[in-house]
Amino acid sequence: MKEVWFQEIIRRVIVEDNMKNLILLAAPGAGKGTLSKQLKEKYGYVHISTGDLLRDKVAKGDELGKKIHEMQMAGELVTAEIVYQVLEDRLKEEDCNNGYILDGFPRSLEQAIEYDKIAEKLGKDIGMTLLLDIPKEQLIERITGRYMCKDCEAIYNIYSKEMKPAKEGICDVCGGELYQRKDDNLESFEKRYQTFLDNTSSLIDYYKEKGNFYVIDSSRGKDYTLEQVEELLNK
Ligand code: AMP
């Protein structure tokens, strides 16, 4: 028992000393949000989800927000220039100096090439690229059963024993109300999944060529997924 505890401390120290920036490549529902939350809580990684950054713009309710909302609801990619600007602005913030995770970006080869330019301009290392690998049937359950807390953003899944809230519609952590994202339905999922497949193979080739590409099995639960990532960060 003592040994396990000691190994955990050593693991933490090594990871904290070696906070590589991460790019997460994954289909919708593969666990990007959950893994990012774990890395944020355990090591202080900054989680940058372009989907969330764009939803923040939507919440403002101005013309730009309305345009973004229409594209998101249709399951389409938001126009490149809008995404680049939103991302660059976020990367300039000071908290991005000690390790960040890109979730939902890049989504195409064009975006990967643009990210190299943005990273170079801002003096950032692109770090490691991780592909979260999981079968499609499992993704459908994860997406259509996914609920989030309005207050603390904890993530639940009504089809999973491990992630089901104790009380329907109520957050176990803070008692807040749970909600489902509007685009977490089967129709929108199918479109987003197809877009992911269409774009990912070129990204995999691009990062394999750079030599910073790794595959993570994310079909066996969030703790196993995190363990594999920690092993890589330990290297
Ligand atoms: P996500 O939360 O990552 O599933 O993204 C939700 C939606 O936001 C996507 O379906 C797109 O409409 C938009 N979006 C997020 N990231 C990007 C990106 N890198 N490029 C273009 N559109 C994006």
Side-chain angles (χ1 to χ4, degrees), residues 21-37 39-40 46-61 63-91 96 100-119 124 126 129-132 134 136 138-150 153-157 179-204 206-207 218:
N21 294 329
L22 301 175
I23 297 169
L24 295 186
L25 298 183
K32 282 175 296 183
T34 303
L35 174 64
S36 301
K37 200 160 187 280
L39 289 170
K40 179 177 168 181
V46 173
H47 175 212
I48 302 177
S49 148
T50 43
D52 285 345
L53 292 177
L54 292 166
R55 278 184 286 277
D56 287 348
K57 296 275 172 208
V58 171
K60 287 193 175 152
E63 273 314 303
L64 176 64
K66 280 182 197 152
K67 223 164 99 184
I68 295 172
H69 184 65
E70 274 170 26
M71 292 185 262
Q72 286 188 322
M73 286 308 104
E76 289 166 8
L77 289 184
V78 171
T79 318
E81 284 63 35
I82 298 176
V83 182
Y84 299 154
Q85 195 54 57
V86 165
L87 176 69
E88 187 173 332
D89 288 348
R90 182 66 187 89
L91 289 179
C96 293
Y100 59 83
I101 304 162
L102 280 190
D103 160 358
F105 188 94
R107 266 172 151 99
S108 65
L109 185 58
E110 189 200 342
Q111 290 192 358
I113 293 168
E114 184 65 26
Y115 176 47
D116 283 347
K117 290 185 198 154
I118 295 173
K124 308 275 186 204
I126 67 161
T129 305
L130 311 179
L131 174 74
L132 303 189
I134 180 170
K136 185 180 175 190
Q138 234 175 305
L139 290 175
I140 293 177
E141 279 206 345
R142 286 193 183 183
I143 283 286
T144 56
R146 175 160 73 179
Y147 282 78
M148 270 159 294
C149 175
K150 276 190 173 158
E153 293 179 355
I155 302 169
Y156 295 89
N157 194 296
Y179 74 101
Q180 202 166 26
R181 251 171 60 179
K182 284 197 187 126
D183 55 350
D184 274 352
N185 58 66
L186 195 55
E187 198 189 342
S188 175
F189 166 78
E190 288 288 356
K191 274 197 184 166
R192 286 152 71 203
Y193 186 69
Q194 196 50 50
T195 310
F196 167 76
L197 291 184
D198 292 346
N199 293 328
T200 308
S201 59
S202 58
L203 284 176
I204 292 174
Y206 187 71
Y207 289 116
S218 81

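As a basis for the values below, the full set of heavy atoms in this structure was taken, side chains included, without hydrogen atoms, waters or symmetry mates. We count ligands from 1, going down the list as the structure has it; atoms in each ligand are counted the same way.
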(message) Does this structure show an ion pair linking Glu190 with Lys136, if we count only N-O contacts that are shorter than 4.0 Å?
(response)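 Yes, charged N to carboxylate O under 4.0 Å.
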Could you check whether any side-chain N or O of [X] sits under 3.5 Å from a backbone N or O of [Y], counting only pairs where one atom can act as donor and the other as acceptor?
| X | Y | result |
| --- | --- | --- |
| Thr195 | Lys191 | yes |
| Ser218 | Ile134 | no |
| Ser108 | Gln111 | yes |
| Asp183 | Met73 | no |

(message) So for atom NZ, which belongs to Lys124, do other residues, nucleotides or ligands contribute more than 12 heavy atoms lying within a distance under 6.0 Å?
(response)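 Yes, enclosed.
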(request) Select the closest option to atom 6 (C) of ligand 1 among Met73, Lys32, Arg55, Glu70, judged by heavy-atom distance. (result)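 Among Met73, Lys32, Arg55, Glu70, the closest heavy atom to atom 6 (C) of ligand 1 belongs to Arg55.
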(message) Out of Thr50, Asp52, Leu54, who is nearest to atom 14 (N) of ligand 1 when you count heavy atoms only?
(response) Leu54
Note the single closest protein heavy atom to [atom], along with its residue, its atom name and the distance in Å.
| atom | result |
| --- | --- |
| atom 11 (C) of ligand 1 | Glu76 O, 3.4 Å |
| atom 22 (N) of ligand 1 | Val78 N, 2.9 Å |
| atom 5 (O) of ligand 1 | Arg107 NH2, 3.4 Å |
| atom 19 (N) of ligand 1 | Gly104 O, 2.9 Å |

Polar proximity ligand 1 side, [X] side, N/O cut 3.5 Å exclusive:
| X | answer |
| --- | --- |
| Arg181 | yes |
| Gln72 | yes |
| Gly75 | no |

(message) One residue to check: Leu77. Relative to ligand 1, which of side chain, backbone, both or neither has a non-hydrogen atom less than 4.0 Å away?
(response)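 It is both parts that get close, each with some atom under 4.0 Å.
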(request) List the atom of Gly31, the atom of Leu132, and the distance in Å for their closest heavy-atom pair. (result)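 Gly31 and Leu132 have their closest heavy atoms at C-CD1, 3.8 Å.
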(request) Taking the side chain as every heavy atom from C-beta outward, state whether Thr129 and Tyr206 have any pair of such atoms under 4.5 Å apart. (result) no
(request) Number the atoms of ligand 1 from 1 as they appear, then name those within less than 4.0 Å of a heavy atom of Arg192, with their elements. (result)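 Those qualifying, in numeric order: 4 (O).
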(message) Need the ligand 1 atom indices (1-based, order shown) with element for anything under 4.0 Å from a heavy-atom of Gln111.
(response) 18 (C), 19 (N), 20 (N), 21 (C)
